[in-house]
Amino acid sequence: MDVSQAKQEHLLALKVMRLTKPTLFTNMPVTCEDRDLPGDLFVRLMKDDPSTVKGAETLILGEMLTLPQNFGNIFLGETFSSYINVHNDSNQVVKDILVKADLQTSSQRLNLSASNSAVSELKPECCIDDVIHHEVKEIGTHILVCAVSYTTQTGEKLYFRKFFKFQVLKPLDVKTKFYNAETDEVFLEAQIQNITTSPMFMEKVSLEPSMMYNVTELNNVNNAENSSTFGRMSYLQPLDTRQYLYCLKPKPEFAEKAGVIKGVTVIGKLDIVWKTNLGERGRLQTSQLQRMAPGYGDVRLSLELIPDTVSLEEPFDITCKITNCSERTMDLVLEMCNTRSVHWCGVSGRQLGKLSPSASLSIPLKLLSSVQGLQSISGLRLTDTFLKRTYEYDDIAQVCVVCPYTSPES
């Protein structure tokens with residue numbers, strides 16, 4: 001598409017065209033029933049039409065390609081390509097021609113010229129061609145500045161430039177949610193919406209974790225590498241939203257240090273690759289995703305081992321992990337308080353000893369439930385004898401209590 005030409009007073013003419021791939025031809029089929037007046041006339045016309053798909057003439061999408069009729073939309077993450085042509089419209093030889101192409105964004109100015117050296121001479125009716133490419137990394141207004149300088153036969157140095165403004169739009173809307181598990185695991189849900197007007201083929205959506213985490217993708221069926229939850233052909237229609245899920249777990253060297261996981265932590269960044277139309281590739285990387293790590297206070301109590309289902313009035317074992325998240329040494333005493341449905345088995349008020357900062361201690365405990373159903377484990381108390389401070393832990397976890405036998409029918 002021709003977007004501009006130089007003024008007539010110059011010996012050279014500048015033309016700039018955006019390079020885009022063609023699109024599939026679309027037609028509007030006209031049909032009628034056999035008993036209508038036209039009969040099979042419309043069907044025969046569609047079969048003779050060279051643009052229709054043979055055997056599927058009523059499809060709107062044809063089998064021919066059409067060249068772009070306008071500048072089109074440019075989306076963030078795509079590659080902007082342009083063809084620059086400088087033509088000598090005069091009848092004299094022009095010397096020392098220098099063509100320069102810069103792209104001005106809201107934050108920077110980029111030189112896109114393939115060559116910065118001048119052409120020694122350009123004869124009449126000859127031209128200079130250049131193709132520029134740029135991966136768009138900013139949204140908003142972009143200005144392509146094309147400048148041409150040359151020298152006439154009389155030694156006069158002339159210069160002119162043209163400006164081509166276009167907007168870069170956002171192709172995807174990405175929203176993230178974090179879920180903190182009872183363990184150190186973090187679940188990330190990424191909602192990706194196609195906000196363009198054409199379908200996308202989602203080639204890759206992956207999470208690049210930070211140095212603190214290992215990541216497991218939960219978007220495949222039965223952990224098969226090539227069996228996506230969204231099917232073999234992963235298309236995202238306009239305004240459709242898709243949810244991707246990832247599980248992050250702290251690496252052992254960080255999980256052992258409870259104080260390191262405090263405050264705001266960097267999770268990683270999403271890498272999204274898609275294709276549109278006839279294979280145009282786009283890629284986006286989000287900024288570093290951050291989450292607010294849960295605050296555990298001075299002492300953190302977590303469960304390392306607990307059964308899902310237990311039998312009524314039968315003892316069962318759990319393993320608790322106590323971590324000193326403070327910056328001082330603690331001398332801890334463990335107390336166990338029974339609830340209406342769950343009872344602790346063992347001695348309450350026992351000494352656990354001193355626990356240094358960031359250190360952990362695993363304690364096996366035994367319980368018994370006297371009520372069926374989903375029961376909450378509560379009633380643990382930790383007292384620091386140094387500061388005379390007590391930490392209460394209720395609703396630590398839940399277990400399903402079932403009756404191990406079935407009552408005989410009367």
Side-chain angles (χ1 to χ4, degrees), residues 178-187 247 249-250 252 254-262 292-408:
F178 291 102
Y179 303 91
N180 298 312
E182 293 182 358
T183 58
D184 289 329
E185 293 178 336
V186 180
F187 291 89
C247 177
K249 190 172 184 179
F254 296 103
E256 293 299 326
K257 301 177 181 178
V260 178
I261 313 295
K262 289 183 177 179
M292 183 64 69
Y296 300 115
D298 292 340
V299 183
R300 179 188 178 187
L301 187 142
S302 58
L303 289 178
E304 289 186 325
L305 178 65
I306 182 172
D308 295 329
T309 305
V310 299
S311 298
L312 181 67
E313 297 181 350
E314 290 187 7
F316 61 93
D317 297 321
I318 67 172
T319 302
C320 293
K321 181 180 180 181
I322 300 173
T323 305
N324 184 357
C325 299
S326 69
E327 298 178 353
R328 55 184 174 80
T329 301
M330 294 183 173
D331 188 14
L332 298 176
V333 175
L334 175 65
E335 298 180 7
M336 299 176 291
C337 305
N338 291 335
T339 62
R340 184 184 63 86
S341 57
V342 177
H343 310 276
W344 297 92
C345 304
V347 179
S348 178
R350 58 171 162 158
Q351 297 280 344
L352 299 181
K354 295 181 180 180
L355 195 62
S356 58
S358 299
S360 299
L361 177 65
S362 295
I363 304 174
L365 298 172
K366 192 179 293 291
L367 299 94
L368 180 144
S369 178
S370 60
V371 180
Q372 294 186 66
L374 193 63
Q375 304 300 329
S376 176
I377 297 178
S378 302
L380 281 182
R381 305 290 183 263
L382 289 172
T383 301
D384 181 13
T385 58
F386 287 156
L387 297 182
K388 306 298 181 182
R389 184 179 297 173
T390 301
Y391 305 93
E392 300 181 357
Y393 299 94
D394 294 315
D395 197 16
I396 304 169
Q398 292 179 327
V399 293
C400 182
V401 183
V402 297
C403 186
Y405 54 87
T406 304
S407 299

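Every value quoted in this text rests on a predicted model; they were computed, and no experiment measured them. Below, each value reflects all heavy atoms present in this structure, side chains not excepted, and no hydrogens, waters or symmetry copies.
For the atom pair CG of Leu382 and OH of Tyr391, the computed distance is 9.0 Å after rounding to the nearest 0.5 Å. Of the inter-residue distances, the one linking Gln372 atom CD with Cys403 atom SG reads 5.0 Å to the nearest 0.5 angstrom. Atom CH2 of residue Trp344 and atom OG of residue Ser378 lie 8.5 Å apart, to the nearest 0.5 angstrom. Taking CZ from Arg300 and CG from Asn324, the interatomic distance works out to 13.0 Å, rounded to the nearest 0.5 Å. Atoms OG and CD, on Ser369 and Glu314 in that order, are 11.0 Å from each other to the nearest 0.5 Å. The line from NZ of Lys321 to CD1 of Ile363 is 12.5 Å long, rounded to the nearest 0.5 Å.
The nearest pair of heavy atoms linking Ser376 to Val342 is O-CG2, 3.7 Å. Across all their heavy atoms, Ile377 and Phe316 have their closest contact at CD1-CE1, 4.4 Å. When all heavy atoms of Tyr393 and Val299 are compared, the closest pair comes out as OH-O, 2.8 Å. Across all non-hydrogen atoms, the minimal contact from Leu312 to Val401 is CA-CG1, 3.8 Å. Considering all non-hydrogen atoms of both residues, Leu365 and Cys320 come closest at CD1-SG, 3.9 Å.
Asp317 has its side chain out of reach of Pro364: every pair of non-hydrogen atoms, C-beta onward, lies at least 4.5 Å apart. Between Asp298 and Arg389 the shortest side-chain heavy-atom distance falls below 4.5 Å. Residues Leu355 and Ser360 fail the side-chain proximity criterion, which asks for heavy atoms closer than 4.5 Å.
Other residues, nucleotides and ligands contribute more than 12 heavy atoms inside 6.0 Å of the CG atom of Asp395. Atom NZ of Lys354 has 12 or fewer heavy atoms from other residues, nucleotides or ligands within 6.0 Å.
A donor-acceptor pair under 3.5 Å is absent between the side-chain atoms of Thr383 and the main chain of Thr385, judged by distance alone. At distances below 3.5 Å, not a single donor-acceptor pair connects side-chain atoms of Asp384 with backbone N or O atoms of Leu332. Under the 3.5 Å distance criterion, the side-chain polar atoms of Ser348 are matched with a main-chain donor or acceptor of Met336. At least one donor-acceptor pair under 3.5 Å links the side chain of Ser326 to the backbone N or O of Arg328.
Partners of Ser341 under the side chain to side chain donor-acceptor pair (under 3.5 Å) rule, at least two apart in sequence or in another chain, are Gln375. Residues passing the side chain to side chain donor-acceptor pair (under 3.5 Å) test with Thr309: none are found, sequence neighbours excluded.
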Query - Working for side-chain contact (heavy atoms from CB on, under 4.5 Å), residues Ile306 and Ile396 - result: CA-CA 11 Å; Ile306 182 172; Ile396 304 169; over 6 Å; no
Query raised in the report: Can Leu352 and Met330 be said to form a side-chain contact (heavy atoms from CB on, under 4.5 Å), step by step?
Result: CA-CA 10 Å; Leu352 299 181; Met330 294 183 173; over 6 Å; no
Report task. Assess whether side-chain contact (heavy atoms from CB on, under 4.5 Å) is satisfied between Ser358 and Thr323, documenting all intermediate values. Result -> CA-CA 6 Å; Ser358 299; Thr323 305; over 6 Å; no
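With no hydrogens or angles considered, no side-chain donor-acceptor pair links Ser356 and Thr329 at under 3.5 Å.
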